[in-house]
Amino acid sequence: MRKIIIEKLKGRPVSENRVEIVERKGLGHPDYICDAIMDEISVALSKIYKEKFGAVLHHNIDKGMLAAGAVERKFGGGILIEPMRMIFGDRAAYKIDGESIPVADIAINTAKDWFRKNLRFVEPDKHINYQVEIKEGSAELSDIFKRGESVLGANDTSAAVGYAPFTETERIVLDAERYLNSKEFKNGFPETGEDVKIMGIREKQRLHLTIAMPMIDRFIDRESAYFKKKKEINSVIEEFVKGKTSEIKKVNIYLNTLDKKGRGIGGMYLSVLGTSAEDADSGQVGRGNRVNGVISLNRPMGTEAAAGKNPVSHVGKIYNILTHKIANDIYQKTKGIKEVYIWMCSQIGQPIDQPKIISAQLILEKGASFSDISKMVEEIVNFELDKIGDFCNDLALGKYSVC
């Protein structure tokens, strides 16, 4: 029997708070890059392990860093002076039954493929150096994968929390970044880089979006051209966001607020490659978005970095994503709920479908039956945990985003 505790919260939903703060680090942000690439490596390894050995083997590629390089920006196009450095870390199975797995090659090639697909101005063979520090796993943790159990034991004692639904602010911040990095937008504004960062602050029904997005210097030949294009982009963003609002009545857009006319290149957010990792900012796994795509400061958040962890026994990944899935399922399928939080905590060595504790916290609509809703919540939680093997398989195939 699973220990499922369901309780009714007396507080109000986040959407009814006077102040709400939500952040999103976009596609070209160094932290996003690290999370995305390390998780892609986990997916690549999982597929090869399953193809060759019929099961996902021990690995955790959740330590990684993108060290900034150096560039010289110029009107009409700058140059790279020093390449960025991508460092891959932690553990993986390199050999089983005498057959070797080229883990280092898989890591580097996966990273190069990701850069080619996502950052238009980064040449992965030229602009980045690679350093692989992935070592063999510990004997005890590796043994979890050899025990022949249909549901593996947790390889860590770890807690996670997920929630539903998104507030309007969370949805707008997420949608706005995705729009700014969409093919549609980049086709219209090819001079914009992928390193988009959005900070949303809602005060009552007024939303302030502070957006950082570089312009590629090869497209900008003078200062006046930059500020003319910036004004045009600001208007387009404003129109997009207004089309997404419902409860929010007023939106203010602040684009590249460090800019200052009359200071030449020093007064503009220009980039050679479209990411601040070219010279201004390094990235690290776990410092980016939560697994639902935002950093929502009004919400409870776990401390685990989900990206790159193995998808079949590391609850730091499994529970982080599953709690959000369960919360969304409960909200979609159960009437009378304003907001739901799902908490799960594992105990190392115990089957991942048997968390040490599961807590569901509910904010209900007026007149809703807590007794009836509790039964439905318990059914959904048990249903999802009963089929956790299928869920882990989907994680191994990369069907869920972690950033």
> Can you check whether Lys231's main-chain N or O pairs, donor with acceptor, with Ser235's side chain at less than 3.5 Å?
Replying inline: yes
>> Pair Tyr341, Glu339 - check side chain to side chain donor-acceptor pair (under 3.5 Å), show working.
In response: CA-CA 7 Å; Tyr341 294 88; Glu339 199 166 76; 3.0 Å; yes
> So, Arg290 and Asp35, do they make that salt bridge, N to O below 4.0 Å?
Replying inline: no
> Is there a donor in the side chain of Gln332 and an acceptor in the side chain of Asn328, or the other way round, less than 3.5 Å apart?
Replying inline: no
> Would Glu170 and Arg299 pass as an ion pair if we require N to O under 4.0 Å?
Replying inline: yes
>> Walk me through whether Tyr226 and Asp221 qualify under side chain to side chain donor-acceptor pair (under 3.5 Å).
In response: CA-CA 8 Å; Tyr226 174 91; Asp221 60 1; over 6 Å; no
> Below 4.0 angstrom, N of the basic side chain to O of the carboxylate: do Asp113 and Lys117 qualify?
Replying inline: no
> Is the side chain of Glu223 donor-acceptor paired with the backbone N or O of Lys261 at a distance under 3.5 Å, no angle test?
Replying inline: no
> Quick one: CD1 on Ile295 to CZ on Arg287, what's the gap to the nearest 0.5 Å?
Replying inline: 9.5 Å
> Distance-only, no hydrogens or angles: does the Asp217 side chain make a donor-acceptor pair with backbone N or O of Gly78 under 3.5 Å?
Replying inline: yes
> Quick one: do the Asn292 and Tyr163 side chains pair a donor with an acceptor below 3.5 Å?
Replying inline: yes
> Glu23 side chain to Val294 main-chain N or O, any donor-acceptor pair under 3.5 Å?
Replying inline: no
>> Test salt bridge (Lys or Arg N to Asp or Glu O under 4.0 Å) on Lys229 and Glu232; report intermediate values, then the result.
In response: CA-CA 5 Å; Lys229 184 61 65 174; Glu232 182 182 351; 3.4 Å; yes
> Rounded to the nearest 0.5 Å, how far apart are NE2 of His324 and CG of Asp329?
Replying inline: 13.0 Å
> Between Ile233 and Phe185, does a side-chain contact (heavy atoms from CB on, under 4.5 Å) hold up when you go through it step by step?
Replying inline: CA-CA 10 Å; Ile233 292 169; Phe185 184 84; 4.0 Å; yes
> Between the side chain of Thr169 and the main-chain N/O of Arg202, is any donor-acceptor distance below 3.5 Å?
Replying inline: no
>> We want to know whether Glu40 and Thr110 form a side-chain donor-acceptor pair, criterion being a heavy-atom distance below 3.5 angstrom.
In response: no
>> Please check this pair: side chain of Arg91 against backbone of His59, looking for a donor-acceptor N/O pair closer than 3.5 Å.
In response: no
>> For Glu247 and Ser15: C-alpha separation, side-chain torsions, deciding distance, then whether side chain to side chain donor-acceptor pair (under 3.5 Å) applies.
In response: CA-CA 9 Å; Glu247 297 299 321; Ser15 59; over 6 Å; no
> Charged N to carboxylate O below 4.0 Å: is that the case for Glu168 and Arg171?
Replying inline: no
>> Using only atom types and a distance under 3.5 Å, with no angle test, would you say the side chain of Asp62 pairs donor to acceptor with the backbone of Ala307?
In response: no
> Are the side chain of Arg24 and the backbone N or O of Gly26 linked by a donor-acceptor pair below 3.5 Å?
Replying inline: no
> Are a donor atom and an acceptor atom from the side chains of Lys309 and Ser42 found within less than 3.5 Å of each other?
Replying inline: no
> Should the pair Glu278-Arg73 be classified as a salt bridge under the 4.0 Å nitrogen-to-oxygen rule?
Replying inline: yes
> Counting only N and O atoms by type, is there a donor-acceptor contact under 3.5 Å from the side chain of Asn310 to the main-chain atoms of Ser313?
Replying inline: yes
> Aromatic rings Trp114 and Tyr32: how do their planes relate, parallel, tilted or perpendicular, breaks at 30° and 60°?
Replying inline: tilted
> Hey, mind stepping through Lys186 and Thr192 against side chain to side chain donor-acceptor pair (under 3.5 Å) and telling me if it holds?
Replying inline: CA-CA 7 Å; Lys186 294 307 184 192; Thr192 58; 2.9 Å; yes
>> Whether Lys52 and Asp97 form a salt bridge (side-chain N of Lys/Arg under 4.0 Å from carboxylate O of Asp/Glu) is what I want to check.
In response: no
> Do Ile198 and Val196 pass the side-chain contact (heavy atoms from CB on, under 4.5 Å) test, and can you show the C-alpha distance, the side-chain angles, and the key distance before you say yes or no?
Replying inline: CA-CA 7 Å; Ile198 300 179; Val196 178; 4.0 Å; yes
> Backbone N or O of His208 within a donor-acceptor pair of the Lys250 side chain at under 3.5 Å?
Replying inline: no
>> The test is side-chain contact (heavy atoms from CB on, under 4.5 Å); show your working for Leu362 and Glu7 and say whether it passes.
In response: CA-CA 6 Å; Leu362 313 172; Glu7 60 181 325; over 6 Å; no
> Does the pair Leu364 and Lys338 meet the rule for a side-chain contact (heavy atoms from CB on, under 4.5 Å), with working shown?
Replying inline: CA-CA 5 Å; Leu364 302 182; Lys338 283 187 175 183; over 6 Å; no
>> Can you tell whether the side chains of Glu133 and Lys135 come within less than 4.0 Å, N to carboxylate O?
In response: yes
